[in-house]
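Read the structure below first, then the notes.
These numbers come from the heavy atoms of this one structure, side chains and all, not from hydrogens, waters or symmetry mates. In this text, all values refer to a predicted model and were calculated from it rather than measured experimentally.
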Amino acid sequence: MIDSNPPLLDHYGALLRHSSSTPQTTECNGHYNGVVMEECQLPLIDLSGLKSHDRWERAECAKAISKASSEWGFFQVVNHGISSELVKKMRREQMNLFEAPFEQKATSRLLNDSYRWGTPTATRPNQFSWSEAFHIPLTKISDKACYGEFSSLREVTEEFAAAMSNLARLLAGVLVENLGHRREVLEEICDDSTCFLRLNHYPACPVSSEIFGLVPHTDSGFLTILCQDQVGGLQLMKDFKWVSVKPNQKALIVNIGDLFQAWSNDVYKSVEHRVMAKKMERYSIAYFLCPSYDSLIGSCREPSIYRKFTFREYRMQVQDDVKKIGRKVGLSRFLVQDESYAY
């Protein structure tokens, strides 16, 4: 039988054997990887309020979005304008794609040759992600040549990505206006050149529930919108402890990225999160709203906590840190008060 899953167990086993003689730490990015203390229900926001004819209802909805972005860095939205039928079609196509033989996914240059699995840079088990993914830039989503024999995936992906993009820009606009700026501010620096859609698959893990499906991290862009199934596994850091996010079939999850935290001068929070591997496979789709590479990210108010930097500079710093020390450092690298931040 041809296996569709990547050789995750082989890679993880090799890391485990290699690290057996190396002292291990239970800490990652400054936080313990211990048991989850509780299951949380993220703030749930009905976006129909933004389209209300009642000015008070519109203001209350915008206020709820801004409050959740400041206090949680995460929230859920319903009545978001993306139909359940479109989500179902996208999920069917996604599952069909990941059910293809591993060799085909790894060698056929599908979706802009964006297939990735595991964590090639991992040197220890706690740096390894039990997952596979395709990263599709918005600029390539309409390119027929990217899809190979998966031609039916293109039309659905185009429609889904456009809907997610509109939603991301709507929410970002609300958050910008809350800080006293025109919503066009982010429109001027965010374009399709760096925004992308990521199709995720977390194969069933036979080893342990302590294995990461996706290692602890923060998102680097402005805003992320996540469409996930009902398996669960997403966890976030809240009040210095890991909490498990209860899946909601009708809701999409939204979280703030590093650049929005920097631009808002820490009003909005980019929160560390992770996915835990499960004995059941899991699927999710994430849309990332990002600025163009050479856009200068400054603060919306002074005095600024962070020095000015471009998205290109930020990404290069993240990649350099991962290569050198095995993890992302992130915004701490760009603090005005301590530009010599040491890891």
Side-chain angles (χ1 to χ4, degrees), residues 39-92 94 138 156-187 190 192 195 197-198 219 221-230 232 234 236 238 243 245-257 260-261 263-264 267-271 273 283-290:
E39 185 176 63
C40 73
Q41 185 74 46
L42 292 177
L44 183 64
I45 301 172
D46 186 341
L47 293 187
S48 61
L50 292 179
K51 300 177 182 178
S52 173
H53 296 296
D54 187 306
R55 179 182 297 180
W56 182 85
E57 287 186 7
R58 294 197 304 272
E60 285 300 300
C61 186
K63 181 180 177 182
I65 292 169
S66 301
K67 181 180 180 182
S69 298
S70 297
E71 295 181 358
W72 283 79
F74 271 79
F75 55 95
Q76 300 176 98
V77 293
V78 293
N79 291 320
H80 41 66
I82 302 177
S83 71
S84 58
E85 186 55 39
L86 176 57
V87 171
K88 289 177 183 176
K89 287 196 295 185
M90 187 67 214
R91 181 60 45 75
R92 285 196 298 267
Q94 178 187 14
L138 254 59
V156 179
T157 303
E158 279 185 291
E159 184 181 358
F160 187 82
M164 293 285 264
S165 176
N166 290 337
L167 177 58
R169 290 173 184 275
L170 171 67
L171 295 171
V174 169
L175 291 168
V176 167
E177 285 186 339
N178 176 62
L179 296 173
H181 294 264
R182 297 178 301 109
R183 64 173 57 214
E184 290 80 15
V185 168
L186 284 192
E187 291 287 343
C190 290
D192 290 352
C195 299
L197 201 68
R198 186 170 70 201
D219 292 347
F222 272 111
L223 202 69
T224 304
I225 301 179
L226 180 71
C227 177
Q228 63 170 348
D229 61 19
Q230 296 306 296
L234 176 63
L236 59 89
K238 175 67 174 170
V243 294
V245 177
K246 184 178 181 179
N248 183 333
Q249 189 172 359
K250 296 181 179 179
L252 298 176
I253 292 177
V254 182
N255 68 275
I256 301 300
F260 224 151
Q261 177 171 326
W263 189 85
S264 71
V267 172
Y268 304 136
K269 301 299 189 294
S270 179
V271 174
H273 52 286
Y283 291 91
S284 70
I285 308 169
Y287 177 84
F288 297 86
L289 178 66
C290 302

* To the nearest 0.5 Å, how far apart are SG in C290 and CG in D219? -> 8.5 Å

* **Test side chain to side chain contact (heavy atoms under 4.5 Å, CB included) applied to S69 and K269, step by step** => CA-CA 6 Å; S69 298; K269 301 299 189 294; over 6 Å; no

* Structure fact -> For E177, the salt bridge (Lys or Arg N to Asp or Glu O under 4.0 Å) test, sequence neighbours excluded, returns R183

* **Distance (rounded to the nearest 0.5 Å) between I256 CD1 and Q261 CD** => 9.5 Å

* **Nearest heavy-atom neighbours spanning G73 and V271** => CA-CG2, 3.9 Å

* Asked: So, do I225 and V77 sit near enough that their side-chain heavy atoms are less than 4.5 Å apart?
  -> no

* Interatomic distance, L223 atom CG to N255 atom CG [nearest 0.5 angstrom] -> 7.0 Å

* If you measure from CD on E60 to CG on D46, what distance do you get to the nearest 0.5 Å? -> 13.0 Å

* For Y287 and S165, does a side-chain donor sit closer than 3.5 Å to a side-chain acceptor? -> yes

* Structure fact -> Scanning both residues in full, the closest heavy-atom pair of Q76 with N248 reads OE1-CB, 3.2 Å

* Would you find a donor on one side and an acceptor on the other, under 3.5 Å apart, between the side chain of D229 and the backbone of Y283? -> yes

* To do: Apply salt bridge (Lys or Arg N to Asp or Glu O under 4.0 Å) to E158 and list each qualifying residue two or more places apart in sequence or on a separate chain.
  => R154

* Asked: Counting distance only, does the side-chain N/O of Q228 pair as donor-acceptor with the main-chain N or O of A286 below 3.5 Å?
  -> no

* Could you go step by step and tell me if L252 and L226 meet the side chain to side chain contact (heavy atoms under 4.5 Å, CB included) rule? -> CA-CA 6 Å; L252 298 176; L226 180 71; over 6 Å; no

* To do: Output every pair passing ring-ring contact (aromatic ring centres under 6.0 Å, His included) with a member in residues 163-183, not counting sequence neighbours, ordered by first then second residue.
  => H181-W263

* Can you name the residues that form a ring-ring contact (aromatic ring centres under 6.0 Å, His included) with F160, not counting sequence neighbours? -> none

* Would you sort out whether L171 and L47 count as a side chain to side chain contact (heavy atoms under 4.5 Å, CB included), showing the intermediate values? => CA-CA 9 Å; L171 295 171; L47 293 187; 4.0 Å; yes

* Residues L42, L236; criterion side chain to side chain contact (heavy atoms under 4.5 Å, CB included); working and verdict -> CA-CA 10 Å; L42 292 177; L236 59 89; 3.6 Å; yes

* **Distance in Å, C195 SG paired with L289 CG, rounded so as to fall on 0.5 Å steps** => 5.0 Å

* Hey, could you give me each pair passing salt bridge (charged side-chain N to carboxylate O under 4.0 Å, His left out) that has a residue in residues 69-92? Not counting sequence neighbours. => E85-R92

* For M90 and I285, which heavy atoms make the closest approach, and how far apart are they? -> CG-CD1, 3.4 Å

* D54 side chain to W56 main-chain N or O, any donor-acceptor pair under 3.5 Å? -> yes

* Could you state the interatomic distance from CD (Q249) to CD (Q230), rounded to the nearest 0.5 Å? -> 4.5 Å

* With distance as the sole criterion, is a donor-acceptor pair present between the side chains of S52 and E57 under 3.5 Å? -> yes

* Asked: Are the side chains of V245 and I253 in touch, meaning some heavy atoms are under 4.5 Å apart?
  -> yes

* Please, which pairs that meet ring-ring contact (aromatic ring centres under 6.0 Å, His included) have at least one residue in residues 65-84, sequence neighbours excluded? -> F74-H273

* Asked: Would you say the side-chain atoms of S264 pair up with the backbone N or O of Y268, donor to acceptor, closer than 3.5 Å?
  -> yes

* Please confirm whether the backbone N or O of V267 pairs with a side-chain atom of S70, one donor and one acceptor, at under 3.5 Å? => yes

